Amino acid sequence: IGIVDYPDVAEDSATVINALEYCAAESKRLGSNEPCRCTEDMVQAIKRKHRIADILRSTIAEDGFQIHYQPIWSIPRQRFVAAEALCRLTSTELGPIPPAEFIPIAEQTGLITSLTGIVLDEACSFVAAYLAAHPNTSFRGVSVNFSAVQFMQSDLTETVLKTVREHGIPPSFLRIEVTESAIAANPDMVHAFMDDMNAQGVRFYLDDFGTGYSNVALMLELPFDVVKLDKSILKAASAGHQTCLFLEHLVACFASTGSFVLCEGVETPEHRALLNDCGCTLMQGYLFSKPLPAGEAAALIAAHDRSE
């Protein structure tokens with residue numbers, strides 16, 4: 001049940017409707033059978049959410065997103081071997097809007113499909129340009145995050161492969177990041193998509209391992225090349241010996257299945273040393289590089305590319 005005071009809190013019919021929908025959903029989410037009364041702060045949050053949705057629509061139409069790339073460092077090879085494509089929304093009337101805020105709104109409104117298509121196209125373009133400039137590179141591709149909503153597309157496999165072909169890059173240079181929550185939401189669709197894409201050479205990362213579901217049996221069923229550990233695991237391992245031992249065994253466990261472990265949030269030399277001691281070979285974080293515009297990312301990767 002949602003309750004909205006009119007006109008004290010909601011001043012027009014559109015705001016009343018939006019506020020009632022929000023409060024009813026919030027009441028249902030809490031599961032307390034208690035009515036949810038809308039406050040002025042809630043109304044402002046609702047208005048901001050709708051404004052961000054409008055900004056997303058116009059930015060998609062104008063192709064106005066900025067795509068940055070955060071390189072991924074290989075300890076054994078002592079160079080950047082991959083990068084993650086990250087979407088940025090900076091020049092808006094609301095100022096910079098963080099991904100943690102606009103991505104959920106894109107998912108709720110269904111705009112995430114178009115947004116991911118833009119990121120995928122830009123990522124493939126980045127790879128094509130880098131391969132053309134550095135034909136003997138040891139760099140092996142860019143990863144793109146896929147939302148649970150993405151897997152509701154019936155033509156997803158064809159759409160992704162079409163983009164890869166249009167840019168003329170080997171499919172193995174595309175890596176798709178999937179969270180366990182996305183798999184849990186559409187297990188059959190995700191499984192079929194991964195099998196189809198893996199047969200074409202596309203690689204997969206299990207993203208944010210350690211943030212809720214963390215089902216090792218799932219890892220054994222699906223063709224993940226890399227498991228990305230959430231930075232919370234690194235934080236815990238840095239604070240306690242027992243967690244550090246757990247991390248070491250976790251890395252060994254995944255290695256035994258043929259998967260590499262990549263740890264996010266590496267910010268200090270101490271983080272790097274700890275992960276190295278635990279056998280983690282792939283690292284991503286501000287110690288190595290912040291997310292960079294395409295040109296800067298390519299230059300940084302090339303500066304460490306020793307296979308040229």
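Bear in mind the structure is a predicted one, so any value in this text is a computation, not a measurement.
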(request) Using distance alone, with no hydrogens and no angle criterion, decide if Ser138 and Asp305 have a side-chain donor and acceptor under 3.5 Å apart. (result) yes

(request) Run the ring-centre check on Tyr205 versus Phe224 and record whether the distance is less than 6.0 Å. (result) no

(message) Just verifying a value: how many Å separate Ile52 CD1 and Thr59 OG1, rounded to the nearest 0.5 Å?
(response) 11.0 Å

(message) Check the orientation of Phe102 and Phe65. Use parallel for under 30°, tilted for 30 to 60°, and perpendicular for over 60°.
(response) tilted

(message) Can you confirm if the aromatic rings of Phe139 and Phe173 lie within a centre distance of less than 6.0 Å?
(response) no

(request) Assess the side chains of Ser289 and Gln70: does a donor N or O sit below 3.5 Å from an acceptor N or O? (result) no

(request) Using distance alone, with no hydrogens and no angle criterion, decide if His167 and Asp121 have a side-chain donor and acceptor under 3.5 Å apart. (result) yes

(message) Can you tell me how the ring of Phe146 sits relative to the ring of Phe151, calling it parallel under 30°, perpendicular over 60° and tilted otherwise?
(response) tilted

(request) For residues Phe126 and Tyr69, establish whether the separation of their ring centroids is below 6.0 Å. (result) yes

(request) Check whether the side chains of Glu177 and Ser143 place a donor and an acceptor atom closer than 3.5 Å, and report yes or no. (result) yes

(message) Less than 4.0 angstrom from a charged side-chain N to a carboxylate O is my criterion; do Glu158 and Lys162 meet it?
(response) no

(message) Does any part of the side chain of Leu174, heavy atoms only, come nearer than 4.5 Å to the side chain of Arg203, both counted from C-beta?
(response) no

(request) Sort out for me which residue in Val261, Ile75, Val81 forms a side chain to side chain contact (heavy atoms under 4.5 Å, CB included) with Leu282. (result) Val81

(request) Output yes when Arg51 and Glu93 qualify as a salt bridge under the 4.0 Å nitrogen-oxygen rule, no when they do not. (result) yes

(message) What I'd like to find out is whether the side chain of Glu267 reaches to under 4.5 Å of the side chain of Lys231, using heavy atoms alone.
(response) no

(message) Using salt bridge (charged side-chain N to carboxylate O under 4.0 Å, His left out), reason through Glu84 and Lys228 one step at a time and then give a plain yes or no.
(response) CA-CA 12 Å; Glu84 179 181 3; Lys228 294 185 72 173; 3.0 Å; yes

